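So that we are looking at the same thing, I have put the structure below in structure tokens.
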Amino acid sequence: MSKAVFIYSSELEKYQYPPEHPFNTIRAKRVLEILESTGLLTGADRSVVAPKPAERVVLKKFHTARYLHALKTAAKGNWDTEALSMGIGSQDCPIFKGLYEYAALATGATIFGADMLLSGKADVAFNPSGGYHHAGPEKAAGFCYINDMALACLILAEQGKRILYLDVDVHHGDGVAYAFYERSDVMTISLHQNPKTLFPGTGLEDEIGTGQGKGYCVNIPLPVGTYDQAYIKIFEAIVLPLIGAYNPDVFVFELGADALAGDPLANLHLTNNVYAEIINHLLSFNKPILATGGGGYNIGNTVRAWALAWSIFCGADTGEDLDHAIGGVLLESTEWQGGFRDRRLAVSQSQQQAVLPAIETTIKYIKENVFPIHGL
Ligand SMILES: [Zn+2]
């Protein structure tokens with residue numbers, strides 16, 4: 001029986017992005033509340049643990065001193081053009097009260113999860129307040145200030161672990177991909193909406209890493225309108241064989257929920273059944289999993305997807321509620337009954353015709369250019 005920890009602190013509730021900003025820190029709390037009300041946080045193999053803020057010395061493993069200084073002073077009201085040149089105080093990454101403390105605590109939660117896996121105290125650790133995959137060493141971007149994902153991978157790699165970083169957020173996991181672009185001890189796989197149609201504009205399939213890292217960065221761009229069956233098709237064709245060949249010691253999993261149908265910032269057409277299927281695949285490798293939240297701007301759908309993820313992490317999902325569920329992405333409603341799973345979405349022929357050729361092209365490219373590096 002695997003041990004699952006849910007990482008959360010009520011301290012996180014003190015911080016909020018500005019009200020007009022799409023990133024809502026309330027999501028983690030709502031996941032906690034739903035899981036509490038459904039009894040999914042209690043049991044011998046499940047627990048809720050509270051993190052501590054990550055210390056500056058840890059943050060410096062990835063971020064520059066200059067950047068951390070600018071972030072801290074900007075959060076105190078001393079903001080200047082040098083900070084703005086690093087993205088701090090931009091429209092996407094505004095300055096808000098307690099910004100530095102929030103970012104350090106959310107990052108501390110992800111790092112705490114990594115530590116729990118390393119010590120064997122958990123087999124699965126889930127931090128719904130994490131997943132800031134766009135931040136660079138000296139750059140705030142895409143609602144992200146401190147890159148907890150890159151830091152967690154660095155900390156696990158320091159302990160000699162081979163890491164499979166999987167990113168299903170609808171946006172390219174650029175900050176993490178480029179952090180390990182020349183390394184083979186962290187394989188990054190990002191599935192995302194085609195960057196020609198979405199922020200951050202990077203992550204086409206021909207970005208495959210360089211030097212030692214060639215073949216260890218995998219990008220899977222997806223056309224607008226990508227639906228469950230197409231997504232699973234490419235996941236099974238590309239991601240599963242690569243995981244098998246790479247044989248990681250640990251998974252780091254960015255579970256952004258903005259690829260779900262109805263997300264206001266993106267254009268994919270998935271239901272949360274895709275996430276369920278992916279998590280079941282990951283669990284089948286029987287390796288520790290550090291999972292985080294990420295994007296997800298339809299709050300109700302995001303909260304339900306993460307609640308579903310947790311139920312699968314701890315073996316409580318039966319998959320049986322699928323056909324009884326009401327609401328979800330189908331009705332673009334935050335109300336639902338009968339479980340966390342979305343109902344299946346119908347796929348039109350024109351949608352298939354728009355999506356499948358692009359999926360086939362990407363599968364072919366990766367099979368020709370990445371698979372041989374791994375003996376596939
Ligand atoms: Zn995103």
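These numbers come from the heavy atoms of this one structure, side chains and all, not from hydrogens, waters or symmetry mates. If you're wondering where the values come from, they're calculated on a predicted model, not measured in any experiment. Every number for a ligand or one of its atoms is a count from 1 in the order of the listing.
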Next item on the list: Using only N, O or S atoms, tell me which atom of D258 is closest to the Zn ion (ligand 1).
Entry: OD2

Margin query: Rounded at 0.5 Å granularity, tell me how far CZ in F143 sits from CG in L265.
Written below: 5.5 Å

Next item on the list: Can you sort out the partners of N247 under side chain to side chain donor-acceptor pair (under 3.5 Å), two or more places apart, ordered by chain and number?
Entry: K287

Check: Between atom NE2 of H63 and atom OG1 of T107, what is the distance when rounded to the nearest 0.5 Å?
Finding: 7.0 Å

Notebook entry, point to check: With sequence neighbours left out, what residues match A179 under side chain to side chain contact (heavy atoms under 4.5 Å, CB included)?
Noted result: F62, A150

Notebook entry, point to check: Name of the D169 N, O or S atom nearest the Zn ion (ligand 1)?
Noted result: OD1

Next item on the list: Quick one: report the N, O or S atom of H171 that is nearest to the Zn ion (ligand 1).
Entry: ND1

